[in-house]
J.: 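Please read through the structure below; I'll follow up with questions.
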Amino acid sequence: MRKILIALALCSTASLAACQSQLDDKPKAEVKDAKPKGDAPDEKALAHASKVVPLDKASSSVGFVGAKVTADHEGVFEQIDGKLTLSDAGAPTKLEITVNVGSLKIEPADLQGHLLSADFFDAPKFPESKFTSSEIRSKAGEGGATHEIEGELTLHGVTKVVTFPAKIETSPTLAKGSTEFKINRKEWNIVYPGMAEDLIKDDVLLKLSLSFPIAG
């Protein structure tokens with residue numbers, strides 16, 4: 001406890017700005033247990049979808065910010081894939097994103113290795129993380145959000161239903177979206193506490209910027 005108080009004291013006296021976190025004031029996803037899988041999707045309904053548009057990987061990013069008492073650490077996954085389904089009217093109806101966990105890049109190098117180990121992501125055992133939406137609905141919100149997205153997030157071998165705000169823009173040639181929201185890593189069984197004098201926060205900020213060029 002004494003070490004934690006010392007760390008907080010140093011943080012407050014040396015530089016208040018350095019103690020501020022990107023997690024501050026960001027929305028937190030609603031999280032629920034995933035239900036057992038039911039019947040297969042209606043193939044006729046899927047066939048009626050106007051377009052399935054692949055992710056432009058070069059102009060898209062999936063990353064996160066983890067925080068300790070004294071600092072943030074921001075990482076990005078360099079290998080991502082995905083697709084967006086659009087209705088006949090051009091509205092987004094389904095989003096799928098897959099992340100290669102082992103493609104994580106973060107500084108310093110020893111932190112990157114630790115995050116990929118069994119203490120955190122356990123990349124050798126759980127090489128992929130995936131999000132598949134079940135509903136995308138129009139809903140204005142804070143920070144310019146235009147939609148609310150609900151779906152299953154699989155991470156570290158655990159699947160949960162998450163609901164979060166997003167900003168989505170569509171045109172005849174491009175659909176793009178962005179979101180920043182927090183999840184509690186412990187709900188996905190990532191429970192490593194960190195050092196006693198600089199504990200890791202339970203909440204992690206997920207940051208997505210996605211682009212889907214629409215072919216004519």
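Numbers here are sequence positions counted from 1. Keep in mind that this is a model prediction, so the values were computed, not measured.
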J.: Among all residues two or more places apart in sequence or in another chain, which pass the ring-ring contact (aromatic ring centres under 6.0 Å, His included) test with Phe77?
T.: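 Residues passing ring-ring contact (aromatic ring centres under 6.0 Å, His included) with Phe77: Phe64, Phe121.
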J.: Working to the nearest 0.5 angstrom, can you tell me the gap between Glu152 CD and Lys35 NZ?
T.: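 Taking CD in Glu152 and NZ in Lys35, the distance rounds to 10.5 Å.
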J.: So do the side chains of Pro213 and Thr173 get within less than 4.5 Å of each other, counting heavy atoms only?
T.: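 Pro213 does not reach Thr173 side chain to side chain.
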J.: Is it the case that more than 12 heavy atoms not belonging to Lys26 sit under 6.0 Å from its NZ atom?
T.: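 Yes, the 6.0 Å shell around NZ holds more than 12 heavy atoms from other groups.
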J.: Between CG of Asp81 and CD of Glu128, what distance do you get to the nearest 0.5 Å?
T.: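 Rounded to the nearest 0.5 Å, the CG-CD separation comes out at 9.0 Å.
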J.: Treating Ser209 as the side-chain partner and Ser60 as the backbone partner, does any N or O pair qualify as donor plus acceptor under 3.5 Å?
T.: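 Looks like no, no N/O pair under 3.5 Å.
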J.: My understanding is that only residues two or more places apart in sequence, or in another chain, count here; which of them pass salt bridge (Lys or Arg N to Asp or Glu O under 4.0 Å) with Glu74?
T.: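 Lys207.
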J.: Has Asp198 got a side-chain atom pairing as donor or acceptor with Thr70's backbone, closer than 3.5 angstrom?
T.: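 At least one qualifying donor-acceptor pair exists.
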J.: For the pair Asp24 and Ser21, evaluate side-chain hydrogen bond (donor to acceptor under 3.5 Å, both in side chains) and give the outcome as yes or no after the intermediate values.
T.: CA-CA 6 Å; Asp24 295 343; Ser21 170; 4.5 Å; no
J.: Do the side chain of Arg185 and the main chain of Lys201 share a donor and acceptor less than 3.5 angstrom apart?
T.: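 A pair under 3.5 Å: yes.
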J.: State yes or no: are the ring centers of Phe120 and Phe126 separated by less than 6.0 Å?
T.: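 No, ring centres 6.0 Å or more apart.
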J.: Let's go through Ile149 and Ile168 carefully: what are the C-alpha distance in whole Å and the side-chain angles of both, what is the deciding distance for side chain to side chain contact (heavy atoms under 4.5 Å, CB included) to 0.1 Å, and is it a yes or a no?
T.: CA-CA 10 Å; Ile149 301 177; Ile168 300 176; 4.2 Å; yes
J.: Who are the salt bridge (Lys or Arg N to Asp or Glu O under 4.0 Å) partners of Asp33, not counting sequence neighbours?
T.: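 With neighbours one apart ignored, the set is Lys160.
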J.: Taking side-chain contact (heavy atoms from CB on, under 4.5 Å) as the definition, give me every residue that meets it alongside Ala145, ordered by chain and number, with sequence neighbours left out.
T.: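 Ala145 satisfies side-chain contact (heavy atoms from CB on, under 4.5 Å) with Pro165 only.
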J.: I'd like to check the side-chain contact (heavy atoms from CB on, under 4.5 Å) partners of Asp119; sequence neighbours left out, ordered by chain and number.
T.: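 Partners of Asp119 under the side-chain contact (heavy atoms from CB on, under 4.5 Å) test: His114, Ser117, Tyr192.
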J.: Checking the side chain of Ser134 only, and the main-chain atoms of Glu150 only, is there a donor and an acceptor separated by less than 3.5 Å?
T.: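 Checking the backbone N and O of Glu150 against the side chain of Ser134, a donor-acceptor pair under 3.5 Å is found.
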J.: Donor-acceptor pair, Thr146 side chain versus Lys167 backbone, under 3.5 Å?
T.: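 No, because the side chain of Thr146 does not come within donor-acceptor range (under 3.5 Å) of the backbone of Lys167.
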J.: Short question: side chain of His147, backbone of Ile136 - any donor-acceptor pair under 3.5 Å?
T.: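 Not a single qualifying donor-acceptor pair exists.
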J.: Is there a donor-acceptor pair closer than 3.5 Å between any side-chain N or O of Asp72 and the backbone N or O of Gln22?
T.: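 Confirmed, Asp72 side chain pairs with Gln22 backbone.
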J.: Taking the side chain as C-beta and beyond, is there a heavy-atom pair between Leu174 and Thr170 under 4.5 Å?
T.: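 Not in contact.
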J.: Short question: side chain of His73, backbone of Ala67 - any donor-acceptor pair under 3.5 Å?
T.: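 The answer is no, because no donor-acceptor pair under 3.5 Å joins these two groups.
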J.: Please test Leu104 against Leu116 for side chain to side chain contact (heavy atoms under 4.5 Å, CB included), starting from the C-alpha separation and ending with a verdict.
T.: CA-CA 8 Å; Leu104 168 67; Leu116 293 175; 4.0 Å; yes
J.: Do the side chains of Leu95 and Phe212 get nearer than 4.5 Å, heavy atoms only?
T.: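 With C-beta onward as the side chain, the pair touches.
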J.: Could you grab the distance from atom CG of Leu23 to atom NZ of Lys182, nearest 0.5 Å is fine?
T.: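 If I round to the nearest 0.5 Å, the distance is 6.0 Å.
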J.: Applying salt bridge (charged side-chain N to carboxylate O under 4.0 Å, His left out) as the test, list every pair that has at least one member in residues 98-107; sequence neighbours left out.
T.: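 Matches after skipping sequence neighbours: none remain.
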J.: So, do Leu153 and Leu206 sit near enough that their side-chain heavy atoms are less than 4.5 Å apart?
T.: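 With C-beta onward as the side chain, the pair touches.
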J.: What's the separation between atom CG in Leu84 and atom OG in Ser133, rounded to the nearest 0.5 Å?
T.: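 The OG atom of Ser133 is 8.0 Å from CG of Leu84, to the nearest 0.5 Å.
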